[in-house]
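For reference, the structure is listed below as structure tokens.
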Amino acid sequence: MMVALSLCVFAMLGGCNLTNTVRPNRAADGAITGVSQSAPNWWLESKANVVDSRESVVDGDTKKVQVSIFSSQMQQQRFSYKFEWFDKDGMKVGGMDSWQSVMILPQQTIVVGATAPSPKVSDWILQISDTNYPWYSSTP
Amino acid sequence: MKNKNSLTIRNFAFATTLTGLSITIGCTPTQYVDSKGTNLVVSMNKVNIQDFEKASEALVASMVESGVLSQAPNQPVALSISRVTNDTSDQFDTDQLMKKIRISLLQTGKVQVTQAVGLGGKVEDPMAKETYEAKRFLAGESQTPVDLPYFTISAKILENSTSAGSTKQVSYIFQMSLANTTSGRLVWEGEKTITKQGEKNAIGF
């Protein structure tokens with residue numbers, strides 16, 4: 001019993017460092033048809049589940065992205081996220097990619113977004129992390 | 001015998017758990033960390049590097065989204081930095097914010113920072129200014145107008161502190177304005193507030 005408990009504690013402590021990744025699914029014309037989520041951190045996914053995404057163009061040529069994130073938890077939770085940007089050749093474009101921390105209320109859907117650092121950006125991924133306070137919740 | 005074995009396994013499991021927990025929450029040796037990561041120190045009494053990062057990204061995104069940069073007649077538009085005031089209790093160099101702003105704006109390809117003029121006659125790169133003036137003189141262009149900025153940026157960083165019991169809260173308010181030097185009007189303004197709450201400094205966010 002104690003061995004199982006020890007293993008469980010280690011597994012959970014290790015698992016809380018895993019990052020979930022969201023990628024847009026695209027049609028042939030580049031339009032977003034949905035998102036694919038790689039979610040090794042099931043706990044994080046339960047409080048930060050990306051349900052849809054959309055793109056627009058600002059200032060004539062720069063991509064802007066927004067995603068809706070839903071929490072199925074019954075307590076206020078918190079997580080961090082960041083967007084990463086790529087050009088048409090799949091090369092990473094730096095900038096506008098710092099981690100942002102947000103609170104999410106029980107059963108709430110929030111919208112987070114970002115503007116690409118350069119007009120060269122043609123694609124993106126969203127990374128969601130829970131590196132600190134994996135079971136953190138606080139009163140509003 | 002069975003009880004003894006059971007006790008040994010239990011002791012081993014207990015020791016393993018304790019060791020694991022002490023490794024997890026024990027002393028941290030000095031190490032390099034990702035400057036853009038989530039395990040940085042969060043201070044209650046100063047602006048951290050991640051605060052500058054968040055503020056600059058939010059302000060540049062707001063400026064780009066407003067569309068004012070692409071409305072300038074000549075692209076990329078010439079920009080200059082005006083007065084930047086640090087009105088907080090933390091005596092940091094405002095370049096920690098403004099350099100990030102400039103880097104991000106230059107990366108958009110919509111803006112270039114002129115060194116022909118500067119606030120109070122001072123420019124960041126005097127060599128660039130002297131060479132520019134020498135080239136203009138040699139080309140017989142000394143009487144033509146210099147490359148004046150179409151936009152200027154000014155900024156102010158404010159602080160708001162309060163507490164409840166032993167819990168402290170500090171907000172750093174980053175305000176920025178973009179002025180069109182042709183009209184003399186402010187064509188964009190942005191504000192980003194970063195609030196931290198707690199009793200003491202911590203690692204990670």
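To find a chain, count down the sequence lines: A is the first, B the second, and so on, and within it residues start at 1. This structure is a prediction, so every number in the text was calculated from the model and none was measured.
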(request) Could you walk me through whether B:K110 and A:D61 pass the side-chain contact (heavy atoms from CB on, under 4.5 Å) test, one step at a time? (result) CA-CA 10 Å; B:K110 302 171 190 293; A:D61 54 10; 2.5 Å; yes
(request) Mind ranking B:G37, B:A58, B:S66, B:S35 by heavy-atom pairs under 4.5 Å with chain A and telling me who comes out on top? (result) B:G37
Can you confirm whether [X] is buried at [atom1], in the sense that more than 12 heavy atoms of other residues, nucleotides or ligands lie under 6.0 Å from that atom?
| X | atom1 | value |
| --- | --- | --- |
| B:R83 | CZ | no |
| A:R23 | CZ | no |
| A:D89 | CG | yes |
| A:K63 | NZ | yes |

(request) May I ask you to decide if B:K54's main-chain N or O and A:Q100's side chain share a donor-acceptor pair within less than 3.5 Å? (result) no
(message) Please check: side-chain N/O of B:Q50 versus main-chain N/O of A:W99, any donor-acceptor pairing under 3.5 Å?
(response) no
(message) If you apply the rule side-chain contact (heavy atoms from CB on, under 4.5 Å), what do you find for B:K36 with A:K82, and how did you get there?
(response) CA-CA 10 Å; B:K36 287 190 167 185; A:K82 72 171 180 175; 5.9 Å; no
(request) Tell me, for B:V60 versus chain A, whether the close heavy atoms (under 4.5 Å) come from the side chain, the backbone, both or neither. (result) both
(message) So which residue, A:S56, A:S118, A:S98, ends up with the most heavy-atom pairs under 4.5 Å with chain B?
(response) A:S98
(request) Of all the heavy-atom pairs spanning B:L69 and A:D59, show the shortest one and how long it is. (result) CB-OD2, 3.8 Å
(message) Working to the nearest 0.5 angstrom, can you tell me the gap between A:F79 CZ and B:T38 OG1?
(response) 13.5 Å
(message) Rounded to the nearest 0.5 Å, what separates atom CG in A:D97 from atom CD in B:E57?
(response) 6.0 Å
